[in-house]
There are 2 protein chains.
Amino acid sequence: MSEPRKQQPTLELVAERAGVSRATVSRVVNGSEKVKPEAMRAVEQAIRELNYVPNRAARSLAQGRTNAIALVVPENTAKFFADPYFAKVVQGAAQYLADTEFMLSLLLSTESDPGKTTRYLRGGNVDGALVLSHHAADRSYADLGGQLPLVFGGRTMSTDQSEIFVVDIDNISAAKQATEVIIERGRRRIATIAGPQDMGASLDRLTGFTQALAEAGLEPAAVLEGDFTPDSGHDLMRQLVDSGTDFDGVFVASAQMAFGALQAMADAGLGVPQDVSVTTVDDDAFARNATPPLTTIAQHPERQGAIMAEILIKRINGESVPEWSIMDTELILRASH
Amino acid sequence: MSEPRKQQPTLELVAERAGVSRATVSRVVNGSEKVKPEAMRAVEQAIRELNYVPNRAARSLAQGRTNAIALVVPENTAKFFADPYFAKVVQGAAQYLADTEFMLSLLLSTESDPGKTTRYLRGGNVDGALVLSHHAADRSYADLGGQLPLVFGGRTMSTDQSEIFVVDIDNISAAKQATEVIIERGRRRIATIAGPQDMGASLDRLTGFTQALAEAGLEPAAVLEGDFTPDSGHDLMRQLVDSGTDFDGVFVASAQMAFGALQAMADAGLGVPQDVSVTTVDDDAFARNATPPLTTIAQHPERQGAIMAEILIKRINGESVPEWSIMDTELILRASH
DNA sequence: ATGAAAGCGCTAACAG
DNA sequence: CTGTTAGCGCTTTCAT
């Protein structure tokens, strides 16, 4: 049944045409110094004439290296596209890799069959992988770390493994800082809409929130758990309002959720920041276009992507790199606090 | 310098452990019928114990097939993420492929080095590719069609090639239909904000617009050319207004641009649909959340992605498929016309 | 500086 | 049903 694939010219063909051995062609292709200019020209011409491109599978088999890395997003397609954070990280990684010999291949891990992705990764298709948005329940990638160089974006929840490389912001201090802004505003009944508690970033942000409160001698007015989507922010805020809880400040763990929460508050006739002071994390389109614009902690996902890629490449090349890279964040004061 | 990669167990190792030949292991791995249950169990156990995963490069080299296909987006990362159309197509393709043995690998073609992507594609990394959003200037992919099964999303501009497989809507009739809605409203001074004229879809939509007008005995009030982004829609609409052109209807070639245009009209104090009737193409978040919600032609990008994938797989398997697949569209009447 | 030869890990006839 | 034997296209010692 299989259609005869148009045969690509092989290295051997190039060798014949150039009148040299396959070894020499290989040397030229790989930019080895030790080739006579004369032979080199002949080979290059043959390559051009035949429109030759080396077969990657063969090369990869021979040298045990693929020159490709994967960016794995263990999240469904809809969420992936809805969250500007992913876009930025991908962009940063892609940009960094553009100047290297490496290809970036984006793997949206299908919820239906996560094993498919791991098998692909372990099947020698890539030299390493960047893993994003790692839910705790999902141990598949953490375990993979022993077999393939991995770099995580955001801390993973597994603690029993060493040799886990991660690039992240300090989520605890970020949340703490954001919460302090509210406290400094004089607010005392402060709630939070936290992120999914199976992710490291969410846990840390909740910790930071609690710490800030504790240091000011306060108790949380309420703690709700969302899933980082605007809808969950909206729904939880409405719940909070409907519950009759008395609050005058809220730290929301992501700009997307804060965006939704703001709408719910507007619907409920709550003024921001007069009635409620709100701060959040992420300086994306949601933060900037919210009404009012959100006071927030900017991380720099684009830079994060680039750094992740850089570290992975270094690991692949056997250079030693620190296990943790903590990125700076920035407090952006806008109108919502 | 290269770090010793942790050696994955090979098929040979499995064979030894199971006490059979490599061929038998291969048979089991590939699900051949003709293996004694007994041997099969032994092999399966060995595989489990060794945590064996076949090396793809080797397999692919041996059987001349990779079981991976690429989805190529010749567009920069920012545009890719900003346009819900891409998200939907990817989603559709990913979903379809989830039930097959094929991996989907997303290639954001870097503007800096398009040759890198083509080389990757030709290097035998994938069995075929889906190509999206094809600008005319870019012949690289059309030419690739001779060497690798390709399926395009949206018609390509190259006319000299046969064997070009494309999945698309009928852009001419879609635009015509959208324009007719405006005409039926009794409007006579109708302008258009078209898409980039180096893309087939844009050209066709302009053609459909012009045809509808011609059949009603009308001339375009104005023809502006945007780039499918909301910003371009905004800017062009402001230009149109500032130019003093007299118009009471406008067909905008994409919902993103229409979204921007609507804002500009609101700024200019133009009422929609009282003063100006507007229709567009795409039923995405922009169309639905615009003020007022947009009357539009819905294409079904998710289905398009799935169909593209389906056709590509069939081609890879040597089945014969039609070169053109035209998808249905749907007129959605909302408040803007 | 170059060629010969031995694989990389797997699959695919071909015997048996 | 199973093992033997060739490769797939490329890289890489090792000689020369």
Side-chain angles (χ1 to χ4, degrees), chain A residues 1-2 4-43 46-47 50-67 101 119 122-125 127 147, chain B residues 2 4-43 46-47 50-68 101 119 122-125 127 147:
Chain A
M1 248 336 57
S2 194
R5 189 64 25 77
K6 284 98 196 168
Q7 200 51 48
Q8 301 279 2
T10 69
L11 184 152
E12 171 144 35
L13 225 59
V14 176
E16 279 173 17
R17 184 174 195 112
V20 299
S21 75
R22 300 184 304 172
T24 299
V25 177
S26 176
R27 289 189 185 101
V28 172
V29 169
N30 295 292
S32 161
E33 325 289 276
K34 327 209 148 232
V35 180
K36 206 179 280 176
E38 191 180 313
M40 183 148 154
R41 261 190 296 281
V43 171
I47 288 180
L50 267 53
N51 196 12
Y52 166 78
V53 174
N55 179 308
R56 279 225 185 200
R59 168 181 282 183
S60 139
L61 187 56
Q63 59 182 19
R65 182 197 244 256
T66 66
N67 280 344
E101 78 240 82
R119 247 176 288 128
R122 295 188 51 213
N125 281 303
D127 296 331
Q147 329 197 26
Chain B
S2 194
R5 188 65 23 78
K6 286 98 195 166
Q7 199 52 47
Q8 300 280 1
T10 69
L11 184 152
E12 171 143 33
L13 224 60
V14 176
E16 278 172 19
R17 185 175 196 114
V20 299
S21 74
R22 298 183 306 170
T24 299
V25 178
S26 177
R27 289 189 185 100
V28 173
V29 170
N30 295 290
S32 160
E33 324 288 274
K34 329 210 148 228
V35 181
K36 206 180 280 176
E38 191 181 314
M40 185 148 151
R41 261 190 297 282
V43 170
I47 289 181
L50 267 49
N51 198 10
Y52 166 78
V53 174
N55 179 307
R56 279 226 183 198
R59 169 183 279 181
S60 138
L61 189 57
Q63 57 182 21
R65 186 199 242 258
T66 65
N67 280 345
E101 79 239 82
R119 248 176 287 127
R122 295 188 51 212
N125 282 301
D127 296 330
Q147 328 196 29

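Numbered from 1 within each chain, the chains take letters A, B, ... in sequence-line order.
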Worksheet entry | Rounded distance [0.5 Å steps], CZ in A:R119 versus CZ in B:R56 | 8.5 Å
Practice prompt. Drop me the distance from B:L13's CG to B:I47's CD1, to the nearest 0.5 angstrom.
Written response: 12.0 Å
Figure out the [atom1]/[atom2] separation between [X] and [N], and round it to whole Å.
X: A:L61; N: D:dG9; atom1: CG; atom2: C1'; answer: 9 Å
X: A:I47; N: D:dG9; atom1: CD1; atom2: C1'; answer: 14 Å
X: A:N30; N: D:dG9; atom1: CG; atom2: P; answer: 17 Å
X: A:L11; N: D:dT12; atom1: CG; atom2: P; answer: 12 Å
X: B:R65; N: C:dA12; atom1: CZ; atom2: P; answer: 10 Å
X: B:E12; N: D:dT5; atom1: CD; atom2: P; answer: 14 Å
X: B:R27; N: D:dG3; atom1: CZ; atom2: P; answer: 8 Å
X: B:N67; N: C:dT11; atom1: CG; atom2: P; answer: 11 Å

Discussion item. Need one value for B:K34: base, sugar-phosphate or nothing, where a base atom within 4.0 Å counts as base even if backbone is also close, heavy atoms only.
Written reply: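 Since a base atom lies under 4.0 Å of B:K34, the category is base.
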Discussion item. Using a heavy-atom cut-off of 4.0 Å across all strands, would you classify B:A39 as base, sugar-phosphate, or nothing?
Written reply: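 Touches sugar-phosphate only.
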Worksheet item: Could you give the angle between the helix axes at the two ends of the helix from C:dA1-D:dT16 to C:dG16-D:dC1, with five pairs per end, rounded to 10 degrees?
Response: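 For the helix from C:dA1-D:dT16 to C:dG16-D:dC1, the axes at either end differ by 30°.
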Fill in: Whether A:R65 side chain and A:D127 backbone form a donor-acceptor pair below 3.5 Å
no
Practice prompt. For A:N30 and A:S32, indicate whether the former's side chain and the latter's backbone hold a donor-acceptor pair under 3.5 Å.
Written response: no
Please examine the side chains of [Y] and [X], heavy atoms only from C-beta on, and report whether any two atoms are closer than 4.5 Å.
X: B:Q147; Y: A:Q8; answer: yes
X: A:T10; Y: A:N55; answer: no
X: A:T66; Y: A:N125; answer: no
X: A:P37; Y: A:R41; answer: yes

Would you say [X] reaches [N]'s phosphate, i.e. side-chain N/O to OP1/OP2 under 4.0 Å?
X: A:N55; N: D:dC8; result: no
X: B:S26; N: C:dC10; result: no
X: B:R59; N: C:dT11; result: yes

Item to complete: Among the candidates C:dT11, C:dC10, D:dC10, find the nucleotide nearest to the side-chain atoms of B:Y52.
Response: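 Nucleotide nearest to B:Y52's side chain: C:dC10.
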Item to complete: Please list residues of residues 14-24 of chain B whose heavy atoms come under 4.0 Å from any atom in DNA chain C, ordered by number; otherwise none.
Response: B:R22, B:A23
Worksheet item: Any donor-acceptor pair under 3.5 Å between the side chain of B:R56 and the base of C:dG9?
Response: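 Counting by modelled atom types and ignoring angles, no donor-acceptor contact under 3.5 Å is found here.
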Worksheet item: Got a sec: does the CD of A:E38 have more than 12 other heavy atoms crowding it under 6.0 Å?
Response: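 Counting neighbours around CD of A:E38, 12 or fewer heavy atoms of other residues, nucleotides or ligands fall under 6.0 Å, so no.
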Worksheet item: How about A:R122 and B:N51: does a side-chain donor come under 3.5 Å of a side-chain acceptor?
Response: yes
